[in-house]
Amino acid sequence: MSQQVRTRFAPSPTGYLHIGGLRTALYCYLFTRKVGGAFLLRIEDTDRKRYVPEAEDYFIRALEWCGIQCDEGVHVGGDYGPYRQSDRKELYQKYVQQLVDTEKAYYAFDTPEELEAMREAAKQQGNHNIKYDAKTRLQMRNSLTLPEEEVQQLLNDGAPYVIRIKIEPNQEVTVNDLVRGLVTINSNEIDDKVMLKSDGMPTYHLANIVDDHSMKITHVIRGEEWLPSTPLHVLLYRAFGWEDTMPQFAHLPLILKPEGKGKLSKRDGDRLGFPVFPIAWTEEGADQPSKGFREMGFFSEAFVNFLAFLGWNPGTEQEIFTMEELTDAFTIERISKSGAKFDFNKAKWFNEQYLKNKSDAELTEAALAYAPEKLEELQICKEYVNGVWGLMKERVTFPSDIWTKAAYLFAKPDTYDAKVVRKKWKEERIPLFEDLKKRLAALDDFSSTNVETSIKAFIEETGLGFGNVLQVFRVMLAGTTKGPSVFDMAALLGKEEVVERMERGAKIFDEMNALLA
RNA sequence: GGCCCGUUCGUCUAGGGGUUAGGACGCCAGAUUUUCAUUCUGGUAACACGGGUUCGAUUCCCGUACGGGCUACCA
């Protein structure tokens, strides 16, 4: 009784892969992995007008980056291929012929112009609900209305035609959706959808049924936008006589714009300054690729973790999950029904969590990947960058942030906090800082704790107070009042550099105060 | 317009006929007798509305409102 679970991710190669699509792939993958089934990638390239050649490769790279492995697909093969619908054309024609032969489908010769005219005329009469269905098909030019010889003649002459499914009116069609429960719709709401287009290609509706059936798909997990056409799909399974092996359906809620209205789109990302796709994508005609999450500095594990939680949760309070943990925890029952607004802040938070757990060396490599010239430009070595990570790990979101947020650890500061200088760089204290510099210069072991001991002793002896000394010292070293422990910074910079920065700071502080006087 | 789906803090969500309605992000406030961008502690804040059913409804049912999706020879 227990058959192997088989699921598919079936994007259409019309452009980049949106994160909503990617989340569908993720859920599909998690569900399938959990039960030990097969997950496959099928390319639905039946629309020749919108076909974008680069898209297929992009899908593959995007899935790869996320760690979503396909058991079968265009790129890895498998026993149920071909996995590209354009390579399966004959199959659809064969099956659609079966529908015609059993009078469940028919030829229709109406041109797009005629259809448009029909809809327009109906609209004029106040009918916004016109369909090509049981009510109207007898007024159209098709094999149900035309004499048989004429139909034959038209076909022989090579007249353009489509094949439409003949929907029987007044049937209640019920779908048991795994996310939403029972959804019932009357077949009067469904029109005689085109199955085979005039270019000989199938429509999505036909192709997805034929493929899901012949690829032995057991669970169709897809976006909510497909829910309204699912009853049609059920009717198609029925028409083919495949209802007993029909897959189960699970329709996922949509990912919405952050401010609420509508599906998230690429334009939202551009407008609000965050990516809406996993990896960089070059739009046709654009000279610059648009950044993806990867390019922005997201770790794929963080991205996947974030995505998994957009519309699903384990019901526990754990939030950080590896792919393996997600696989264990995932169930379709825990997918939420309502759409989720995209929250970039939360995405960043996930990245911070993962960043903290990376080793210094890993982070150095990651940061260098964004700016390989830095080593030479700043005259530093990787070991030094590792040291910076030791101090900065908990204070940044993306690996490349250290180049800006910790710039003062790579080069002497070029600005100094004016407020601190004005308030704390007092005439009478200048010699004391000169003294402090000498003390530090005399240290043999310039470790963080040693520097700390030395400075604390100095504070006690001079009675200057922590704030007055440490604040000034920090600004001398970093220019800013923000940052990690001063003692750690001093140790990392090294004695020589600290002494240099103290001298330079004192000189510039004097100048700054002179300007104010 | 028609059909379908949805609605718990600003956001992601847990929960479920009787709860102080829980967590996370964000935000705010204190603490870490050096900074804050870290860490810790605390705080702010939600069951869309109206009818039922019920001893009791945020939870179940029905409406309404609002949001979303679909309505192509696109997927």
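Lettering of chains follows the sequences in order, A, B, ..., and the numbering in each one begins at 1.
Close to B:C12, at under 4.0 Å from its OP1 or OP2, lies no side-chain N or O of A:K346. One finds no side-chain N or O of A:T14 lying less than 4.0 angstrom from the OP1 or OP2 phosphate oxygen of B:A75. At least one side-chain nitrogen or oxygen of A:N313 sits closer than 4.0 Å to the OP1 or OP2 atom of B:A14. Residue A:T203 has no polar side-chain atom (N or O) positioned under 4.0 Å from OP1 or OP2 of B:A75. Residue A:K49 places at least one side-chain N or O under 4.0 Å from the OP1 or OP2 atom of B:C74.
Closest approach to the A:K197 side chain among B:C12, B:C73, B:C5 is made by B:C73 (side chain taken as heavy atoms from C-beta onward). The A:V183 side chain lies nearest to B:C5 when the options are B:C5, B:C25, B:G6. Considering only the side chain of A:E225, B:G69 comes nearest among B:C4, B:U13, B:G69. Side-chain atoms of A:P228 lie closest to B:G69 of the nucleotides B:G26, B:G69, B:C5. The nucleotide whose nearest atom lies closest to any side-chain atom of A:E317 is, among B:G22, B:G68, B:C70, B:G22.
Not a single donor-acceptor pair under 3.5 Å links the side chain of A:S86 to the backbone N or O of A:D45. Checking side-chain atoms of A:K197 against main-chain N and O of A:V194 turns up no donor-acceptor pair under 3.5 Å.
Nucleotides B:C4 and B:U8, compared at atom C1', are 23 Å apart to the nearest Å. Separation of the C1' atoms belonging to B:A21 and B:A45 is 13 Å when rounded to the nearest angstrom. Distance check on atom C1': B:G23 versus B:G63 gives 34 Å, rounded to whole Å. When the C1' atom is compared between B:U64 and B:U7, the two are found 13 Å apart, to the nearest whole Å. As rounded to the nearest Å, B:G42 and B:U32 have C1' atoms that lie 15 Å from one another. Spacing of P atoms, B:G2 relative to B:U19, comes out at 41 Å, to the nearest Å.
Residue-level contact check: A:F309 touches the backbone only, with heavy atoms under 4.0 Å from sugar-phosphate atoms and none from bases. Within 4.0 Å of A:S338, counting heavy atoms only, lie sugar-phosphate atoms of the nucleic acid but no base atom. Residue A:R50 is classed as a base contact, given a heavy-atom separation below 4.0 Å to a base. Heavy atoms of A:G311 sit under 4.0 angstrom from primed sugar atoms or phosphate atoms, though from no base atom. Across all strands shown, A:R119 has heavy atoms under 4.0 Å from sugar-phosphate atoms exclusively, and none from any base. Nucleic acid contact for A:N129: base, since at least one base atom lies under 4.0 Å from a heavy atom of the residue. Nucleic acid contact for A:V162: base, since at least one base atom lies under 4.0 Å from a heavy atom of the residue. Nucleic acid contact class of A:R334 (heavy atoms, under 4.0 Å, all strands): sugar-phosphate only. Residue A:T397 is out of contact with every strand shown, counting any heavy-atom pair closer than 4.0 Å. Within 4.0 Å (heavy atoms only), A:D110 reaches at least one base atom of the nucleic acid.
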*Contact pattern, 5' to 3', of nucleotides 27-47 of chain B - B, S or - by protein heavy atom under 4.0 Å*: -------BBBBSS--------
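Here B:U11 presents its P atom at 16 Å from CD1 of A:I255, a figure rounded to the nearest Å.
Figure legend: A:K346 and A:F309 shown without cation-pi pairing, the cationic atom not lying both under 6.0 angstrom from the six-membered ring centre and within 45 degrees of its axis.
Environment of NZ in A:K123: sparse, with no more than 12 heavy atoms of neighbouring residues, nucleotides or ligands closer than 6.0 Å.
B:U38 is unpaired under the criterion used here, namely a Watson-Crick or G-U wobble arrangement in which both key atom distances are under 3.5 Å. Nucleotide B:G63 has B:C49 as its partner under the Watson-Crick or G-U criteria, with both atom distances under 3.5 Å.
A side-chain N or O of A:T397 and one of A:E352 form a donor-acceptor pair less than 3.5 Å apart. Residues A:R222 and A:H251 have side chains that bring a donor and an acceptor to within less than 3.5 angstrom of each other. Residues A:W226 and A:E224 bring no donor and acceptor atom of their side chains to less than 3.5 Å of each other.
The aromatic ring centres of A:Y416 and A:F509 sit less than 6.0 Å apart.
Listed by first then second residue, pairs satisfying side chain to side chain donor-acceptor pair (under 3.5 Å) with a partner in residues 105-119 of chain A read A:Y106-A:D192, A:D110-A:Y132, A:T111-A:E113, not counting sequence neighbours.
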